[in-house]
Amino acid sequence: GDLAAARRYFEASVATRRALEDTPGLALSLAKLGEVVAAQGDPAAAQRILAESVVLQRDLGDRYGLAFVLERLAMVAAWHGLPDRALRLAGAGSALHQLTGMPLSSTARSSLDARLAPAWRAQPAEAAALAWQQGRAMSVERAISLALDPVRPLPPEADQASPDNPAIAHLTPRER
């Protein structure tokens, strides 16, 4: 519950992991730091921190780690009044969890659901469900693009899968 102490801890962790060149650990520490910074009310700084984590997860090919960061970005969007973005990111994270075969624990699911509740309530139920489904159907590349672009609204057709841009939920094990 002490956000200032948590921030200091994760900033130290980020510095240590950079010094050790521990890229997987750095990606995780950045994700947790971004979550804390967002909770402190600085969505722009949180977005920058989480974007670095997204790039590291992408470069590592860590789909589970990417799902984790997408969920952190979804929380940031929900906390700061961007419900459509929050639900798209969360839907993409959910699809990646399914793809990896490593779903969230019930405790983690409950926590995420609680943090996304404002996003679900901020829109009509149909619009919220559509945003979630669009997130689940987007390609990994599109999910990363959304995660890295907090400003520009996304046209719905950009989320459609194609033969060259498969939906996350439909990737074969070879494509994981």
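- Looking only at atom types and distance, the side chain of Thr100 has no donor-acceptor partner in the side chain of Arg63 under 3.5 Å away.
- The ring pair (Phe, Tyr, Trp, His ring centres under 6.0 Å) search around Trp120 returns Trp132, not counting sequence neighbours.
- Of all non-hydrogen atoms in Ala108 and Ser105, the two that sit nearest each other are N-OG, 3.0 Å.
- Side-chain contact between Leu89 and Arg85: present, with at least one pair of heavy atoms (C-beta onward) separated by less than 4.5 Å.
- Residues Glu52 and Gln47 are not in side-chain contact: their nearest non-hydrogen atoms beyond the backbone lie 4.5 Å or more apart.
- Partners of Ile49 by side chain to side chain contact (heavy atoms under 4.5 Å, CB included), not counting sequence neighbours, listed by chain and number: Leu30, Leu33, Val37.
- For the pair Leu20/Arg17, no side-chain contact is recorded, criterion being any heavy-atom separation below 4.5 Å from C-beta on.
- Judged by distance alone, with hydrogens and angles left aside, the side-chain atoms of Ser145 form no donor-acceptor pair with the main-chain N or O of Glu141 at under 3.5 Å.
- Inspection of the Gln98 and Arg136 side chains reveals an N or O donor paired with an N or O acceptor under 3.5 Å.
- A salt bridge does not link Glu71 with Arg88: every distance from a Lys NZ or Arg NE/NH1/NH2 to an Asp or Glu carboxylate oxygen is 4.0 Å or more.
- A salt bridge does not link Glu11 with Arg8: every distance from a Lys NZ or Arg NE/NH1/NH2 to an Asp or Glu carboxylate oxygen is 4.0 Å or more.
- Taking each heavy atom of Ala92 and Leu70 in turn, the nearest pair found is CB-CD1, 4.0 Å.
- Looking at every heavy atom in both residues, His97 comes nearest to Phe68 through NE2-N, 4.4 Å.
- The cationic group of Arg7 does not satisfy the cation-pi geometry with Tyr9, failing either the under 6.0 Å distance to the six-membered ring centre or the 45° limit from the ring axis.
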Next on the checklist: Does Val140 form a side chain to side chain contact (heavy atoms under 4.5 Å, CB included) with Leu66? I'd like the steps, not just the answer.
Outcome noted: CA-CA 9 Å; Val140 174; Leu66 181 59; 4.0 Å; yes
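- Taking CG of Asp84 as the reference point, atom CD of Gln134 lies at 6.5 Å (rounded to 0.5 Å).
- Going from atom CZ of Arg48 over to atom OG of Ser53 covers 15.0 Å, rounded to the nearest 0.5 Å.
- Side-chain contact annotation: Arg109 with Ser106, donor-acceptor N/O pair under 3.5 Å absent.
- The ring pair (Phe, Tyr, Trp, His ring centres under 6.0 Å) search around His80 returns none, not counting sequence neighbours.
- Residues Leu104 and Leu96 are members of separate hydrophobic clusters, defined by side-chain heavy-atom contacts under 4.5 angstrom among Ile, Leu, Val, Met, Phe, Trp and Tyr.
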